[in-house]
Peer 1: 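I am attaching a structure below and will ask some questions about it afterwards.
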Amino acid sequence: MAAVSGIDILLKEIPYTVEYLDGQVAFHVANVSRDEVRGAIDAAQSAFETYRRFTHRKRKELLRRWTDIVRANRDDLAAICTLELGKPITESYVTVDYGLSFLEWFQGETERLYGETIPAAKADNRIFTTREPQGVVAAITPWNSPIAMALRKVGAAIAAGCTVVLKPAPETPMCAIAIAKLFERVGYPAGTLNVVTSDGPGSAAIGEEMCHNTRVRHLSFTGSTAVGKYLNAECAKTLKKTSMELGGNAPFIIFEDADLEKAVNGLISSKFRSSGQTCVCANRIFVHRSVIDEVARLLQAAQEQLFVLGSVWDPKVNFGPLYSQKGVDKVQQHVDDAVSKGARLVSGGAIRKELGPYLYPPTILVDCDPKTMRFGNEETFGPVAPLIPFDTEEEAIRLANTFQSGLASYFYTENISRLWRVAEALDTGMVGVRVGLISACEQPFGGIKESGIGREGSKFGVEDYTNVKSITVGL
């Protein structure tokens, strides 16, 4: 069975509909059945028996060709992303380029899956290890960065020698389909990459098949903690490997000795990119009480100067709408809840209807209390910056580490001793120190506690798709 994608999907008899943000029909996409998902897994298993024998150098060459084809179609991929998601075209280019960076990085990692020799206790034994591809990988990607998330998962698995069944979010199937069609041009064995699509209700059956099918040896998921817990529990029934990149509630701390202009610039990068719709966005912003008024002033001035709103196709526009009415409602609920409990609104706070139904402007709140306000234990996933005062370093760390999430955290200080103390004390998988953007292809991306299992990107992201085999040889 070839990839379930492209023209075959568009011609299926039972499609589901994907709409533009204004409610008009964008296209129809296949609502695949569980049997078809099973067929895609079978195709991936068949391809694996061939692909696993490719040399590392051959895998690297194929990955280089795919990278080149994706880069040659960069404009079209960015346009598809904007059509599906409503991202400003400038942000769509960012997600394509971010995805390309992973493909480029993984090319090198294909030849660096090293084994080891281990000194044996018995004199006439020799022990060494090799890394082997795990087999069929099921990858489930989110809607908020559809090109990059697909390439980050698929690229790593392919580099390791695995084959993939990719399930994109119901909201952004065409990005995955486009990626798969470009993949078909490279020369991989048929069935190496398969795409299965469905609407929201149908996604549950696909997820169950991926979890329960014994031919799937690894499931990689990016999305909510609740869904991740469910998938992880179901995968335990067949003891398959999982990678879970789940929700975050990132703290961002500005100490009294910070360079405030740099801190505010970092906060803008962390909080407002993709209109606050990323899992590593700053969600709880702790500012030392002595500088909180100045930070609020600088933040308001910077957002008024930096952000350009308007048509998502205008290359000057750098701030776009939220994806759905559900997202708008949650952001508004968080703002209203905070204001009703004593927070003061500095800017934003209401939808900009003249710019579309989902354009929620950058919003600043001060006098916030994470212990009583909803944003304290819920991810806002929108462009709201609640500023929370603190008095001591110990208090800031205690507040930052309160919750079960542990994906990313950020802080700004000019004190070198504090830099190390706080970086080590923050209970997250990733820490940004004097930077607001921490995502990079060479960096291990992932969380701890209820924010995930495993790492994506970096050498660890490729190794995650391999099994370590130990071989003992008697002389």
Peer 1: Salt-bridged, Lys122 to Asp124, with N to O below 4.0 Å?
Peer 2: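 Not counted as a salt bridge, because no side-chain N and carboxylate O are separated by less than 4.0 Å.
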
Peer 1: Does Arg455 qualify as a cation-pi partner of Phe445, given the criterion of NZ or CZ under 6.0 Å from the six-membered ring centre and within 45 degrees of its axis?
Peer 2: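 Checked: cation-pi criterion not met.
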
Peer 1: As an exercise, state the distance from CD1 of Ile448 to CG of Leu246, rounded to the nearest 0.5 Å.
Peer 2: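 That separation rounds to 12.5 Å.
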
Peer 1: Looking only at heavy atoms, which two atoms of Phe319 and Pro88 are closest? And how far apart?
Peer 2: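 Result for this residue pair: C-CG, 3.8 Å.
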
Peer 1: Please work out whether the ring planes of Tyr188 and Phe183 are parallel, tilted or perpendicular, with thresholds of 30° and 60°.
Peer 2: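 If you compare the ring of Tyr188 with that of Phe183, the planes turn out parallel.
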
Peer 1: Would Thr428 and Ser409 satisfy side-chain hydrogen bond (donor to acceptor under 3.5 Å, both in side chains), going step by step from the backbone distance to the final call?
Peer 2: CA-CA 6 Å; Thr428 58; Ser409 56; 2.8 Å; yes

Peer 1: Carefully, step by step, assess Phe307 and Phe272 under the rule ring pair (Phe, Tyr, Trp, His ring centres under 6.0 Å).
Peer 2: CA-CA 10 Å; Phe307 292 127; Phe272 295 114; 5.6 Å; yes

Peer 1: Could you go step by step and tell me if Glu456 and Arg152 meet the salt bridge (charged side-chain N to carboxylate O under 4.0 Å, His left out) rule?
Peer 2: CA-CA 7 Å; Glu456 294 192 305; Arg152 185 164 75 180; 3.0 Å; yes

Peer 1: With rounding to the nearest 0.5 angstrom, report the CD to OG1 distance, Glu111 to Thr55.
Peer 2: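 It comes to 8.0 Å.
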
Peer 1: Consider only side-chain N and O atoms of Asn283 and Asn249, and report whether a donor and an acceptor are under 3.5 Å apart.
Peer 2: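 Checked: Asn283/Asn249 side chains pair up, N/O donor to acceptor below 3.5 Å.
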
Peer 1: From Ile438 CD1 over to Ser269 OG, what is the distance, rounded to the nearest 0.5 angstrom?
Peer 2: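 Result: 12.0 Å between the selected atoms.
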
Peer 1: Are Glu61 and Arg57 close enough, and set up right, to give a salt bridge (charged side-chain N to carboxylate O under 4.0 Å, His left out), and what steps lead you there?
Peer 2: CA-CA 6 Å; Glu61 173 61 21; Arg57 185 63 56 87; over 6 Å; no

Peer 1: Kindly check if the number of other-residue, nucleotide or ligand heavy atoms within 6.0 Å of CH2 (Trp420) is above 12?
Peer 2: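 Count not over threshold, so no.
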
Peer 1: Whether the Thr95 and Ser145 side chains hold a donor-acceptor pair (N or O, under 3.5 Å, no angle test) is what I'd like checked.
Peer 2: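 On atom types as modelled, these side chains qualify, holding a pair under 3.5 Å.
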
Peer 1: Looking just at side-chain N and O atoms, do Ser451 and Ser405 make a donor-acceptor pair shorter than 3.5 Å?
Peer 2: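 No, no side-chain donor-acceptor contact under 3.5 Å.
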
Peer 1: Are a donor atom and an acceptor atom from the side chains of Asn125 and Thr472 found within less than 3.5 Å of each other?
Peer 2: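 Per modelled atom types, Asn125 and Thr472 side chains form no pair under 3.5 Å.
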
Peer 1: To the nearest 0.5 Å, what is the distance between OG1 on Thr110 and NZ on Lys58?
Peer 2: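 Thr110 atom OG1 to Lys58 atom NZ measures 12.5 Å (nearest 0.5 Å).
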
Peer 1: Rounded to the nearest 0.5 Å, how far apart are NE2 of His212 and CZ of Arg38?
Peer 2: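 It comes to 12.0 Å.
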
Peer 1: What I'd like to find out is whether the side chain of Val473 reaches to under 4.5 Å of the side chain of Phe128, using heavy atoms alone.
Peer 2: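 SC-SC contact between Val473 and Phe128 confirmed.
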
Peer 1: Decide yes or no on side chain to side chain contact (heavy atoms under 4.5 Å, CB included) for Val154 and Trp66, but give the supporting numbers first.
Peer 2: CA-CA 12 Å; Val154 175; Trp66 190 31; 3.8 Å; yes

Peer 1: Checking Asn31 against Asp199 for the side-chain hydrogen bond (donor to acceptor under 3.5 Å, both in side chains) test, could you report, in this order, the C-alpha distance in whole Å, the side-chain angles of both residues, the deciding distance, and whether it holds?
Peer 2: CA-CA 6 Å; Asn31 228 350; Asp199 59 11; 3.0 Å; yes

Peer 1: What are the two closest heavy atoms between Lys153 and Phe221, and how far apart are they?
Peer 2: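 Closest approach of Lys153 to Phe221: NZ-C, 3.7 Å.
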
Peer 1: How about Cys81 and Pro146: do any of their side-chain heavy atoms sit closer than 4.5 Å?
Peer 2: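 Yes, at least one pair of side-chain atoms sits under 4.5 Å.
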
Peer 1: With sequence neighbours excluded, tell me which residues meet salt bridge (charged side-chain N to carboxylate O under 4.0 Å, His left out) with Arg131.
Peer 2: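 Partners of Arg131 under the salt bridge (charged side-chain N to carboxylate O under 4.0 Å, His left out) test: Glu463.
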
Peer 1: Output yes when Arg273 and Glu91 qualify as a salt bridge under the 4.0 Å nitrogen-oxygen rule, no when they do not.
Peer 2: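 Not counted as a salt bridge, because no side-chain N and carboxylate O are separated by less than 4.0 Å.
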
Peer 1: Would you call Glu450-Lys229 a salt bridge at under 4.0 Å N-O?
Peer 2: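 Lys229 and Glu450: salt-bridged.
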
Peer 1: Does a side-chain N-to-carboxylate-O contact under 4.0 Å join Arg112 and Glu109?
Peer 2: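 Salt bridge absent between Arg112 and Glu109.
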
Peer 1: Quick one: are the ring centres of Phe411 and Phe252 less than 6.0 Å apart?
Peer 2: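 Ring centres of Phe252 and Phe411 not closer than 6.0 Å.
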
Peer 1: Quick one, His218 and Asp464 - any side-chain contact, counting heavy atoms below 4.5 Å?
Peer 2: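 Yes; the side chains approach each other to less than 4.5 Å.
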
Peer 1: So that I can tick it off, tell me whether Asp329 and Lys326 are bridged by a salt bridge, with the cut-off set at under 4.0 angstrom between side-chain N and carboxylate O.
Peer 2: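 No.
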
Peer 1: Given Arg64, which partner from the list Arg59, Glu104, Gln107 fulfils the side chain to side chain contact (heavy atoms under 4.5 Å, CB included) test?
Peer 2: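 Going through Arg59, Glu104, Gln107 one by one, the side chain to side chain contact (heavy atoms under 4.5 Å, CB included) with Arg64 is satisfied by Gln107 alone.
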
Peer 1: About how many Å separate CZ of Arg284 and CG of Asn377, when rounded to the nearest 0.5 Å?
Peer 2: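 If I round to the nearest 0.5 Å, the distance is 9.5 Å.
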
Peer 1: Between Arg71 and Asp68, does any NZ, NE, NH1 or NH2 come within less than 4.0 Å of an OD or OE carboxylate oxygen?
Peer 2: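 Yes, Asp68 and Arg71 are salt-bridged.
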
Peer 1: In terms of ring plane angle, is the pair Tyr51 and Phe54 parallel, tilted or perpendicular, where the classes change at 30° and 60°?
Peer 2: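 Tyr51 vs Phe54 ring planes: perpendicular.
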
